[in-house]
Amino acid sequence: MIESILFRDMSLVTALGLRHADVLVEDGKIKTIGWDLPQNVELIVEDSGLLLLPGCIDPHVHFRDPGLTHKEDLESGSRAAASGGVTTFFDMPNTRPSATSPQTIAEKKRLASQKSLVNYNFYIGATEDNLDDCLACENIPGIKIFMGSSTGDLMIKDPKVLERFFATGSRLIAVHAEDEAMIAENKARFEGSRDVTDHSRIRSSEAALSATRLAVSLAQRYMHRLHICHLTSQEEASFLANLETEGLISTEVSPQHLLLSSPSVYDKWGTMGQINPPIREARHGQALWRALKAGTIACIATDHAPHTLEEKALGYPHAHSGMPGVEHALPLMLTLVNQNKCSLVDVVRWMSTHPANAFGIDKKGRIEEGYDADLILVDMNAKKIIKRDHIVSKCGWSAFEGHRLHGLPIATFVNGQMVYREGDFFTQIKGKEARILAPWEGHA
Ligand code: DOR
Ligand code: ZN
Ligand code: ZN
């Protein structure tokens, strides 16, 4: 274990801007930021070509542990995260068994304490009869509600039950917002289709907007803190832009919904491009990008949803929906910085500071004295083409294969310990449970 590190003469990127300084890390925390700091440390990191950023917080991954570990597990998923500069993740409840009780959450936290290289926490999944369990569960990012069916069997169909979740307690609710009735109607229209491009027609933008509107109306009626997962449509983005949602409603977008579009994703990748909610026409990605830049969308989340190549090759509609992403989100965004499409400060806000704020994560998401030393070193000149052989995730593929990355995380520190450096993992280090404050008490 490293007890102290001095990052000497570094360029720091924070949500407030760029800054030059020394950073002293002691006992897992950022102790001092300044000049001429003590040099009697265990490790000195000094490289004027590199940038120091707060580690990314990915509030939406599916690491499949327990029960579906042939796709991913907390060890492989956390390695993929560490290699992509992600130092904290929130995992979704559609594992096996589904994480729907304090006991299943406790078991996931136990597994993570033994297997995860990075920090972690776990959503509890809502069912039609576990509201009390959801409220009893301590220190979690929130309650995940599938408003439409997706991978696994978690869903709340009954509108009265849905309303009860919003009417009760004050725990953050995160929704997968797709209108199940509209999807079912569309499915009937496309009955028998083997054409994966119909996936985007069946899971239409109207179905997404309808569920998003319903979730927002319930959040507003009960003043209940709502996080809308993976926004996918221009219509949802304009709907949210026109609302007064400050502090009450937050949302996230995934790199695949920003950067890939239909029909080309299906032409190139077939059912590997099949995800819920689906990748839509280019106008949606463009609108999501504008909404992210305008602040309507607060966070980038990967919705890392690995399935094996065999499961993806089953043909439409049997192929499993979802694609991996946790290891490439930051490099994809850094590549956009190098293309002058956004700034490093934007990236730090979207991938560190805003997720920490949205979920009230204690002492993370910033390079500030007293904060956890979850830090990454980034080389903005490094280049790499995404290739199947290099994929860290157990699923072993990516819909971004062939993509040219320009700007890479090259080392990852979690609680002041180096867990990743240029392809090597230090797996004896384990992450910790992220502490969640309660930003949603009332109208934060
Ligand atoms: O495409 C998806 N895959 N959407 C989800 O909502 C779930 C996810 C998964 O777990 O595979
Ligand atoms: Zn989802
Ligand atoms: Zn998901």
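Being a predicted model, the structure only gives us computed values, none of them experimental. Order of appearance sets the numbers: ligands from 1, and atoms from 1 within every ligand. Values below: every heavy atom of this structure, side chains too, minus hydrogens, waters and symmetry copies.
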Exercise for the section: Return yes if some donor-acceptor pair links the side-chain N/O of D374 with the main-chain N/O of T87 below 3.5 Å, else return no. Expected result: no
Completion exercise
The closest protein heavy-atom partner of atom 11 (O) of ligand 1 is R64 NH2, 2.8 Å
Practice task
Using distance alone, determine whether Q274 and ligand 1 share an N or O pair under 3.5 Å.
Solution key: no
Exercise for the section: Specify which N/O/S atom of H62 comes nearest to the Zn ion (ligand 3), by atom name. Expected result: NE2
Problem - Donor-acceptor pair, side chain of S78 and main chain of L117, under 3.5 angstrom - result: yes
Practice task
Keeping the roles fixed (side chain from R225, backbone from A358), state whether a donor-acceptor pair exists under 3.5 Å.
Solution key: yes
Practice task
Taking D179 for its side chain and M147 for its backbone only, find out whether a donor-acceptor pair lies under 3.5 Å.
Solution key: no
Practice task
Take the angle between the ring planes of F425 and Y420 and call it parallel below 30°, perpendicular above 60°, tilted in between.
Solution key: tilted
Exercise for the section: Consider every N or O of H230 and every N or O of ligand 1, then say whether any pair is closer than 3.5 Å. Expected result: no
Fill in the blank from the handout: Counting from 1 in the order shown, the ligand 1 atoms closer than 4.0 Å to a non-hydrogen atom of F146 are 6 (O)
Exercise for the section: Indicate yes or no: does D372 engage K363 in a salt bridge with an N to O separation below 4.0 Å. Expected result: no
Handout entry: Closest protein heavy atom (residue, atom, distance) for atom 6 (O) of ligand 1
Key = S150 OG, 2.8 Å
Handout entry: Nearest non-hydrogen protein atom, atom 3 (N) of ligand 1
Key = S321 O, 3.0 Å
Practice task
Please find out if less than 6.0 Å separates the ring center of H224 from that of F165.
Solution key: no
Exercise for the section: Return the orientation label for the Y120 and F89 ring planes: parallel under 30°, perpendicular over 60°, tilted otherwise. Expected result: tilted
Problem - Pair E235 + R283, salt bridge at N-O below 4.0 Å - result: yes
Fill in the blank from the handout: A student checking ligand 1 against A305 at a 4.0 Å heavy-atom cut-off should list atoms 3 (N), 8 (C), 9 (C), 11 (O)
Problem - Min heavy-atom dist H307 to ligand 1 below 4.0 Å - result: yes
Exercise for the section: State plainly whether the residues K160 and E163 are in salt-bridge range, i.e. N to O under 4.0 Å. Expected result: no
Problem - Set of residues satisfying side-chain hydrogen bond (donor to acceptor under 3.5 Å, both in side chains) with respect to D303, sequence neighbours excluded - result: H60, H62
Handout entry: Numbered atoms of ligand 1 (with element) below 4.0 Å of I275, judged on heavy atoms
Key = 1 (O)
Problem - Residues E185 and R189 bridged, charged N to O under 4.0 Å - result: no
Exercise for the section: Identify the protein heavy atom lying closest to atom 1 (O) of ligand 1, giving its residue, its atom name and the separation to 0.1 Å. Expected result: N276 N, 2.7 Å
Practice task
Using the ring of F166 (Phe, Tyr or Trp, six-membered ring only), decide whether R221 places NZ or CZ under 6.0 Å from its centre and within 45 degrees of its axis.
Solution key: no
Exercise for the section: Using distance alone, determine whether H62 and ligand 1 share an N or O pair under 3.5 Å. Expected result: yes
Completion exercise
Distance filter < 2.8 Å from the Zn ion (ligand 2), protein N/O/S hits 2
Handout entry: Heavy-atom proximity to atom 10 (O) of ligand 1, best of V61, N94, L68
Key = N94
Practice task
Starting from atom 9 (C) of ligand 1, find the nearest protein heavy-atom neighbour and note its residue, name and distance.
Solution key: T151 OG1, 3.2 Å
